[in-house]
Amino acid sequence: MRGIFFIVSFLVLQSLVVSSSKAGPDFNFFYWVTYWPGAICDSQKGCCPPTKCNTESDFMIHGLWPQFINGTWPAFCDQSNLFDISKVSDLVSKMEKKWTEWGVYTCPSNETKLWEHEWDKHGTCVQSVFDQHSYFQTSLKFRQRFNLLDILRQKGIKPNGEFYGLDEIKNAIKCVIGFAPGIECNEDVEGKKQLFQIYICLDNHAKEFVECPYVPDKSCASKIKFPKLPKRDSLGESLSVMSSV
Ligand SMILES: *[C@@H]1O[C@H](CO)[C@@H](O)[C@H](O)[C@H]1NC(C)=O
Ligand SMILES: *[C@@H]1O[C@H](CO)[C@@H](O)[C@H](O)[C@H]1NC(C)=O
């Protein structure tokens with residue numbers, strides 16, 4: 001009897017929580033994800049010089065992704081409010097520097113396509129918190145506040161093609177934001193694991209860093225390469241090599 005009472009009251013409580021949280025976020029936290037362009041170039045999986053030459057030689061934003069605590073995520077939540085570049089026109093010049101795709105998805109790279117994908121897939125699911133403008137602006141703000149390359153350099157971790165301890169990399173970031181990030185690796189042409197994407201966890205209003213409730217932490221080795229970022233000229237060369245294959 002007592003057990004049933006608890007189950008019933010739990011269900012009642014749960015439905016109260018669900019109905020009263022309608023106005024707030026219906027996901028648990030955010031990943032703010034950046035990637036290291038050098039890890040795309042040396043995997044030769046599609047590296048193109050960015051179409052716009054003002055791209056920074058630095059970590060690039062991939063996206064701001066709502067997540068559930070169980071490791072799944074909502075996606076493509078609203079077909080009626082798809083990406084509209086006119087809503088972010090004042091942010092475009094910043095986004096061209098810090099949020100480009102370097103041929104990750106398309107070749108030649110098309111930044112608009114990445115932004116469209118990010119909003120349509122992830123952004124449409126966070127409209128209880130952000131509109132299109134504040135969604136992109138928030139991600140850019142974190143990028144400005146938070147210079148990953150500097151944070152790593154201060155601990156002697158540099159994009160020089162050398163290998164570094166995965167924990168060393170995580171701790172360098174933890175020292176600054178208070179929480180360890182998730183690291184995703186890919187492989188260079190020789191199959192060596194290397195630093196590809198960094199997942200930093202934010203609360204469900206994207207205001208504070210939080211301990212990651214869940215990280216996709218399976219793709220790295222205990223020592224990983226921090227690949228060099230090719231200069232634009234050699235990028236052009238490797239492109240012509242690739243297109244002749
Ligand atoms: C994960 O949590 C979400 C939100 O509560 C839920 O909709 C989804 O079904 C869950 N998925 C799994 C595999 O448990
Ligand atoms: C880039 O992507 C956008 C959105 O998908 C599309 O409208 C545009 O035509 C593309 N531009 C090029 C040069 O392919």
Side-chain angles (χ1 to χ4, degrees), residues 7 9-31 33 35 37 40 45-55 60-133 135-136 139-140 182 199 201-206 210-218 232 235-236 239 242-243:
I7 289 165
S9 51
F10 175 70
L11 289 176
V12 169
L13 206 77
Q14 199 180 36
S15 65
L16 277 177
V17 169
V18 168
S19 59
S20 69
S21 68
K22 270 215 173 87
D26 37 16
F27 52 91
N28 304 115
F29 67 103
F30 279 105
Y31 286 139
V33 184
Y35 72 93
I40 291 160
K45 283 228 171 81
C47 188
C48 306
T51 50
K52 303 263 188 335
C53 287
N54 53 1
T55 306
M60 287 286 139
I61 300 171
H62 187 166
L64 182 64
W65 304 341
Q67 299 291 311
F68 297 127
I69 223 149
N70 61 16
T72 69
W73 55 89
F76 299 107
C77 297
D78 184 1
Q79 289 296 308
S80 71
N81 184 16
L82 297 176
F83 180 67
D84 176 357
I85 198 155
S86 71
K87 293 185 174 160
V88 295
S89 49
D90 62 316
L91 301 175
V92 161
S93 67
K94 269 188 198 152
M95 285 158 70
E96 280 171 350
K97 290 190 186 121
K98 299 171 193 300
W99 200 331
T100 60
E101 58 180 323
W102 285 63
V104 187
Y105 300 105
T106 55
C107 194
S109 65
N110 178 345
E111 292 87 357
T112 316
K113 207 162 202 155
L114 173 61
W115 303 335
E116 178 182 80
H117 174 80
E118 292 303 309
W119 172 262
D120 292 354
K121 180 172 179 188
H122 306 284
T124 54
C125 301
V126 304
Q127 293 181 77
S128 56
V129 186
F130 294 126
D131 60 17
Q132 291 198 30
H133 189 269
Y135 177 74
F136 287 97
S139 218
L140 286 168
Y199 293 66
C201 295
L202 307 172
D203 70 285
N204 63 6
H205 287 84
V210 295
E211 184 85 60
C212 284
Y214 182 92
V215 274
D217 243 2
K218 44 199 175 296
R232 253 170 249 290
L235 253 182
L239 224 196
M242 280 173 67
S243 56

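As the structure lists them, so they are numbered: ligands from 1, and atoms in each ligand from 1.
In this structure, the side chains of His133 and Asp90 come closer than 4.5 Å at one or more pairs of heavy atoms. Annotation: side chain of Pro213 is in contact with side chain of Phe29 (closest heavy-atom distance under 4.5 Å).
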Present, as a list of atom pairs with distances to 0.1 Å, all nitrogen or oxygen contacts under 3.5 Å between ligand 2 and the protein.
unit_1: ligand 2; atom_1: 2 (O); unit_2: Asn110; atom_2: OD1; d: 3.3
unit_1: ligand 2; atom_1: 2 (O); unit_2: Asn110; atom_2: ND2; d: 2.5
unit_1: ligand 2; atom_1: 5 (O); unit_2: Glu116; atom_2: OE1; d: 3.0
unit_1: ligand 2; atom_1: 11 (N); unit_2: Asn110; atom_2: ND2; d: 2.7
unit_1: ligand 2; atom_1: 14 (O); unit_2: Asn110; atom_2: ND2; d: 3.2

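Taken to the nearest 0.5 Å, the CH2 atom of Trp73 stands 6.5 Å off from the NZ atom of Lys121.
The aromatic rings of Tyr31 and Tyr199 stand perpendicular to each other, their planes meeting at an angle above 60°, with 30° marking the opposite boundary. Between Phe136 and Trp99, the ring planes lie tilted relative to each other; the angle falls in the 30° to 60° range.
Closest approach of Glu118 to Gly63, counting heavy atoms only: OE1-CA, 3.4 Å.
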